[in-house]
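Here the structure comes first, spelled out in structure tokens, and everything after it is commentary.
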Amino acid sequence: MSDTPNPQTSKPLADRIAVVTGASRGIGRAAALALAEAGAHVIAVARTQGALEELDDAIRQTGGSATLVPLDLTDYDAIDRLGAAIHERWGRLDILVGNAGVLGRLMPLGHVEPKLWASVMDVNLTANWRLIRSLDPLLRRSEAGRAIFITSGAAWSCKAYWGPYAVSKAALEALVRTYAAETATTPIRAMLVNPGPLRTAMRRAAMPGEDPETLRTPEDLAPHIVRLANPAWTESGLIYDFPTDWVLTPQKPA
Ligand code: NAP
């Protein structure tokens with residue numbers, strides 16, 4: 001495991017410290033690799049230690065550096081310990097990518113077991129609030145704190161059988177927009193990203209009949225996450241929509 005910040009200062013995110021959750025596969029892994037390639041020191045969070053170690057190897061091969069944090073995001077005390085450890089080691093955090101998520105299972109609302117409902121809310125919503133709660137003081141100590149959270153079109157489409165997932169993502173959007181409002185007068189910029197359908201394990205579980213080859217990949221999205229993480233990014237409280245490549249402004253109901 002390598003854990004010293006990247007000394008290459010010519011890269012756009014050189015010397016920046018970035019937490020990426022769900023870094024073991026899919027969108028989080030691609031984002032972690034792209035951020036590290038752009039010069040950031042990546043603090044990679046997920047439960048699967050072996051996959052984090054493979055990520056670390058891949059990051060090192062591109063000359064980057066990472067710190068691995070095998071952690072279950074529903075262990076909220078562990079999130080607080082992560083904040084304390086970052087404070088002790090670096091004294092600040094520049095980039096938070098709240099990406100980890102679970103689909104749950106697709107079924108009518110009336111069939112959802114309370115345990116399944118809670119497990120989706122715990123990862124997709126409450127863990128992101130706990131990350132904000134624990135890491136906000138550190139983002140405020142950066143001269144350009146960037147908080148980026150991965151939402152879904154499901155938050156808006158409210159399709160049948162996607163209930164717990166859709167509700168968790170709609171609530172995540174309210175959470176991040178509230179955080180953006182609370183940090184409006186600081187250098188922090190808080191953004192949501194709607195990836196659209198991407199070729200990952202989660203998408204395969206949701207749409208088993210779909211040909212994955214027809215989908216874009218997490219690697220296609222990753223440069224946009226790097227763009228949002230850059231100190232030059234100015235928007236806050238909005239959604240970057242990858243399918244249209246637009247920044248969407250939530251509409252007030254008429
Ligand atoms: P994925 O391949 O299933 O990856 C999910 C990641 O979340 C994994 O790294 C997993 O790591 C981590 N994770 C899940 N539960 C966790 C927990 N309790 N503690 C720590 N880490 C946990 O999914 P993906 O498609 O890349 O999705 C990433 C994000 O994009 C999610 O928020 C998802 O809702 C969103 N999204 C995806 C799509 C799409 O088409 N793929 C579309 C819209 C939105 P471990 O299992 O190792 O813990």
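Ligands are counted one by one from 1 in listed order, and the atoms in each one are counted from 1 as well.
Residue K169 has at least one nitrogen or oxygen atom sitting less than 3.5 Å from a nitrogen or oxygen atom of ligand 1, judged on distance alone.
Under a 3.5 Å cut-off, the side chain of T21 and the backbone N or O of N99 do form a donor-acceptor pair.
Of the charged side-chain nitrogens involved, at least one lies within less than 4.0 Å of a carboxylate oxygen, so that R140 and D136 count as a salt-bridged pair. Under a 4.0 Å N-O distance rule, the pair R25/E54 does not qualify as a salt bridge.
Looking from atom 19 (N) of ligand 1 to the surrounding protein, the closest heavy atom is L73 N, 2.9 Å. Ranking protein heavy atoms by distance to atom 17 (C) of ligand 1, first place goes to R47 NE, 3.6 Å. Nearest protein heavy-atom neighbour of atom 39 (C) of ligand 1: L198 N, 3.7 Å. Residue, atom and distance of the protein heavy atom nearest to atom 25 (O) of ligand 1 are T200 OG1, 2.5 Å. Of the protein's non-hydrogen atoms, I27 N, 2.9 Å is the one closest to atom 26 (O) of ligand 1. Regarding atom 1 (P) of ligand 1, its nearest protein heavy-atom neighbour is R25 NE, 3.5 Å. Looking from atom 30 (O) of ligand 1 to the surrounding protein, the closest heavy atom is I150 CG2, 3.2 Å. Nearest protein neighbour of atom 9 (O) of ligand 1, counting heavy atoms only, is S24 OG, 2.7 Å.
For ligand 1, the atoms closer than 4.0 angstrom to any heavy atom of V102 are 14 (C), 15 (N). For ligand 1, the atoms closer than 4.0 angstrom to any heavy atom of Y165 are 33 (C), 34 (O), 35 (C), 36 (N), 43 (C), 44 (C). Listed by number with element, the atoms of ligand 1 under 4.0 angstrom from any heavy atom of V123 are 15 (N), 18 (N). Taking every non-hydrogen atom of P197 and a distance limit under 4.0 Å, the qualifying atoms of ligand 1 come out as 40 (O). The distance from ligand 1 to the heavy atoms of G26 drops below 4.0 Å at these ligand atoms: 2 (O), 26 (O). When each atom of ligand 1 is checked for a heavy atom of D72 under 4.0 Å away, the hits are 17 (C), 18 (N), 19 (N). Within the listing of ligand 1, atoms 5 (C), 7 (O), 14 (C), 31 (C), 32 (O) sit less than 4.0 angstrom from a heavy atom of G101. Atoms of ligand 1 lying under 4.0 Å from at least one heavy atom of G196, given by number and element, are 38 (C), 39 (C), 40 (O), 42 (C).
Enclosure of atom CZ in R227 by more than 12 non-hydrogen atoms of other residues, nucleotides or ligands within 6.0 angstrom is indicated.
Applying the ring pair (Phe, Tyr, Trp, His ring centres under 6.0 Å) definition to pairs two or more places apart or across chains, those involving residues 163-207 are W162-Y165.
Shortest non-hydrogen contact noted between I17 and I43 is CG2-CD1, 3.6 Å. Scanning all heavy atoms of the two residues, the minimum distance from S236 to A190 falls at OG-N, 2.9 Å.
The cluster map of Ile, Leu, Val, Met, Phe, Trp and Tyr, joined by side-chain heavy atoms under 4.5 Å apart, puts M202 and V123 in different clusters.
Counting heavy atoms only, T151 comes closest to atom 44 (C) of ligand 1 of the residues T217, T151, L221. The closest non-hydrogen atom to atom 47 (O) of ligand 1, taken over L215, T48, T21, L103, comes from T48.
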Next item on the list: Give the intermediate values and the outcome of side chain to side chain donor-acceptor pair (under 3.5 Å) for residues T217 and D220.
Entry: CA-CA 5 Å; T217 66; D220 295 327; 3.3 Å; yes

Next item on the list: Give the intermediate values and the outcome of side-chain contact (heavy atoms from CB on, under 4.5 Å) for residues F149 and L96.
Entry: CA-CA 8 Å; F149 295 86; L96 166 61; 3.8 Å; yes

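Ring pair H41/W90 is tilted by interplanar angle, where 30° to 60° counts as tilted.
Taking a 4.0 Å cut-off on heavy atoms, R199 fails to register as neighbouring ligand 1.
Within the model, atoms CG of L192 and CG of L248 stand 10.0 Å from one another, a figure rounded to the nearest 0.5 Å.
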